[in-house]
Amino acid sequence: MLRLVDSHAHIYSEEFKDDLAAAVAKATDAGVEKIYMPNIDHTSIDAMLEAEAAFPGICIPMMGLHPAYVKKDFERELYLVEEWLDKRKFAAVGECGIDLYWDKTFFPQQQEALKVQLELAKKHNLPIILHTRDSFDETYELVAAAQDGTLRGIFHCFSGTVEQAAKVKELNFLMGIGGVATFKNGGLDKVLPHVSLDSLVLETDCPYLAPVPYRGKRNEPAYIPLVLKRVAELMQKTEEEVAEVTTKNALNLFKL
């Protein structure tokens, strides 16, 4: 069986409250050995750490503040993130970044929150997981300005252009590829043939963005093989090769 990693999964979310154990079992049966869990804000921490406690070594937490949850009180949220990072081990800082899809009201606060979290990633020598919905250029600019050679991480849910993919590689970051790769008009069919496997990790972003044929339904880590299959087709590689390289990329990045 292929060894796989889901590098970005909100498996602790409400959508899994009735069948978390079954979803984890289904994922491990599909070859998914590690499920990395990005934090959202103070309200998601307990559920995330409970999932870690229930499935140690499989469900692995990160710590950060999601840009869509950056509001007026964002500084208080960031103090909490900082406290947790000082207190114990996490796999990464995240998910953080900029989201201009839902609401631009707090754009300046999102920029400030990202700058703080980039510094926290450097301080703790951790990778950073970037959310860039409708905001690739704005996020890239801040990350590039902060890059001192030590920053590393993932542009999660990458759905940009070949040029943007090249910029990610120049920064020494990886691209997280998920269900969008399987969408008819997802755009990644024009990008993946032009990038190298050593720039990629696989992810679900569950419960969101389920791959075809489950599009519109709840996503889960067990669907990583569907993403793998599509990436292999688009890159004209074997599934074995894509699994081996993307898993190695994820494990190297997140090494605790």
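By convention here, the first residue in the shown sequence is residue 1. What you see is a predicted model, and the numbers here were worked out from it, not measured in a lab.
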Practice task
Could you tell me whether the side chain of Thr28 reaches within less than 4.5 Å of the side chain of Glu33, counting heavy atoms only?
Solution key: no
Fill in the blank from the handout: Here the pair of heavy atoms bringing His8 nearest to Pro38 is NE2-CG, 3.3 Å
Practice task
Using a strict 4.0 Å threshold on nitrogen-to-oxygen distance, state whether Glu119 and Lys115 make a salt bridge.
Solution key: no
Problem - Between His10 and Glu95: side-chain donor-acceptor atoms closer than 3.5 Å - result: yes
Exercise for the section: Establish whether Phe55 and Tyr223 are linked, either directly or via other cluster members, by ILVMFWY side-chain heavy-atom contacts under 4.5 Å. Expected result: no
Completion exercise
Here the gap from Ile11 atom CD1 to Ile35 atom CD1, rounded to the nearest 0.5 Å, amounts to 4.0 Å
Practice task
Give a yes or no answer on whether the side chain of Thr204 reaches the backbone of Asn219 with a donor-acceptor pair at less than 3.5 Å.
Solution key: no
Practice task
May I ask you to decide if Cys206's main-chain N or O and Glu220's side chain share a donor-acceptor pair within less than 3.5 Å?
Solution key: no
Handout entry: Exercise: identify the closest heavy-atom pair between Tyr12 and Ser44
Key = CE1-CB, 3.7 Å
Practice task
Could you state whether Val81 and Tyr79 fall into the same hydrophobic cluster, counting links through intermediate Ile, Leu, Val, Met, Phe, Trp or Tyr residues with side-chain heavy atoms under 4.5 angstrom apart?
Solution key: no
Problem - Test log, rule side chain to side chain contact (heavy atoms under 4.5 Å, CB included), inputs Asp6 and Glu203 - result: CA-CA 5 Å; Asp6 187 345; Glu203 63 175 40; 4.0 Å; yes
Exercise for the section: Give a yes or no answer on whether the side chain of Gln117 reaches the backbone of Leu65 with a donor-acceptor pair at less than 3.5 Å. Expected result: yes
Handout entry: Minimum side-chain heavy-atom gap His124-Asp86 below 4.5 Å
Key = yes
Handout entry: N/O donor-acceptor pair under 3.5 Å between Thr247 side chain and Arg3 backbone
Key = yes
Exercise for the section: Give a yes or no answer on whether the side chain of Gln109 reaches the backbone of Val70 with a donor-acceptor pair at less than 3.5 Å. Expected result: no
Problem - CZ/Phe183: more than 12 non-hydrogen atoms of other groups inside 6.0 Å - result: yes
Fill in the blank from the handout: Rounding to 0.5 Å, atoms NE2 (His194) and CD (Glu163) come to a distance of 9.5 Å
Exercise for the section: Check whether any side-chain N or O of Arg230 sits under 3.5 Å from a backbone N or O of Gly178 as a donor-acceptor pair, and report yes or no. Expected result: no
Problem - Common cluster, Leu100/Val180, ILVMFWY with side-chain heavy-atom separation under 4.5 Å - result: yes
Exercise for the section: Calculate, to the nearest 0.5 Å, the distance between atoms OG and CE belonging to Ser7 and Met175 respectively. Expected result: 12.5 Å
Practice task
Would you check, one step at a time, whether the test ring pair (Phe, Tyr, Trp, His ring centres under 6.0 Å) holds for Phe106 with Phe74?
Solution key: CA-CA 10 Å; Phe106 293 102; Phe74 80 101; 8.6 Å; no
Exercise for the section: Report yes or no: do Leu120 and Leu126 belong to one cluster of Ile/Leu/Val/Met/Phe/Trp/Tyr joined by side chain heavy-atom distances under 4.5 Å? Expected result: yes
Problem - Contact summary for Leu228 and Ala243, nearest pair of heavy atoms - result: CD1-N, 3.4 Å
Exercise for the section: State whether the number of non-hydrogen atoms from other residues, nucleotides or ligands found under 6.0 Å of Lys229 atom NZ is greater than 12. Expected result: no
Practice task
Grab the two heavy atoms, one from Ala9 and one from Pro221, that are nearest each other, plus how far apart they are.
Solution key: CB-CG, 4.3 Å
Handout entry: N-O pairing of Lys104 and Asp134 below 4.0 Å
Key = no
Practice task
Using modelled atom types only, decide if a donor and an acceptor are shared between the side chain of Asn249 and the backbone of Val201 within a distance under 3.5 Å.
Solution key: no
Practice task
Determine whether Asp198 and Lys169 make a side-chain contact, defined as any pair of heavy atoms from C-beta on separated by less than 4.5 Å.
Solution key: yes
Practice task
Might you confirm whether atom NZ of Lys184 has over 12 heavy atoms from other residues, nucleotides or ligands at distances under 6.0 Å?
Solution key: no
Exercise for the section: For Tyr101 and Ser135, indicate whether the former's side chain and the latter's backbone hold a donor-acceptor pair under 3.5 Å. Expected result: no
Practice task
Using atom types as modelled and distance alone, determine if a side-chain donor or acceptor of Lys255 lies under 3.5 Å from a backbone N or O of Asn252.
Solution key: yes
Problem - Note, Pro225 side chain near Leu4 side chain (heavy atom, < 4.5 Å) - result: yes
Handout entry: Smallest separation among heavy atoms of Ile177 and Ala181, with atom names
Key = CG2-CB, 3.8 Å
Exercise for the section: Apply the side chain to side chain contact (heavy atoms under 4.5 Å, CB included) test between Leu234 and each candidate in Thr182, Val195, Leu192; give the one that qualifies. Expected result: Leu192
Handout entry: Worked verdict on Val168 versus Ser199 for side chain to side chain contact (heavy atoms under 4.5 Å, CB included)
Key = CA-CA 8 Å; Val168 171; Ser199 298; over 6 Å; no
Fill in the blank from the handout: In this structure, NZ of Lys26 is separated from CG of Asp29 (nearest 0.5 Å) by 10.0 Å
Exercise for the section: Enter the distance from Ile129:CD1 to Ile154:CD1 here, rounded to the nearest 0.5 Å. Expected result: 4.0 Å
Practice task
Kindly assign one of parallel, tilted or perpendicular to the pair Phe136 and Phe158, based on the angle between their ring planes and the thresholds 30° and 60°.
Solution key: perpendicular
Handout entry: Distance in Å, Leu174 CG paired with Arg152 CZ, rounded so as to fall on 0.5 Å steps
Key = 10.5 Å
Practice task
Evaluate side chain to side chain contact (heavy atoms under 4.5 Å, CB included) for Met235 paired with Leu200, printing each intermediate quantity in order.
Solution key: CA-CA 11 Å; Met235 298 184 79; Leu200 305 182; 3.6 Å; yes
Problem - Between His66 and Asp41, a side-chain donor and acceptor under 3.5 Å - result: no
Problem - Asn39 side chain vs Met62 backbone, donor-acceptor pair below 3.5 Å - result: no
Exercise for the section: Compare all side-chain heavy atoms of Leu49 with those of Pro61 and state whether any distance is below 4.5 angstrom. Expected result: yes
Problem - Tyr214 atom OH, over 12 foreign heavy atoms within 6.0 Å - result: no
Problem - Student check: side-chain heavy atoms of Thr132 and Tyr140 closer than 4.5 Å - result: no
Fill in the blank from the handout: Given the options Thr139, Asp205, Asp99, His131 meets side-chain hydrogen bond (donor to acceptor under 3.5 Å, both in side chains) only with Asp99
Completion exercise
Taking every heavy atom of Pro127 against every heavy atom of Gly153, the minimum-distance pair comes out as CB-CA, 4.1 Å
Practice task
List the steps and the verdict of side chain to side chain contact (heavy atoms under 4.5 Å, CB included) for Ile45 and Met63.
Solution key: CA-CA 8 Å; Ile45 295 171; Met63 181 50 62; 3.9 Å; yes
Handout entry: salt_bridge(Glu52, Arg88) N-O dist < 4.0 Å
Key = yes
Problem - Close side-chain approach of Phe173 and Leu130, heavy atoms under 4.5 Å - result: yes
Practice task
Is it possible for you to say whether Val245 and Leu226 belong to one hydrophobic cluster, with membership spreading through side-chain heavy-atom contacts below 4.5 Å?
Solution key: no
Handout entry: Within-4.5 Å side-chain heavy-atom neighbours: Glu141 and Ile98
Key = no
Problem - Atom CD of Glu244 with >12 non-hydrogen neighbours under 6.0 angstrom - result: no
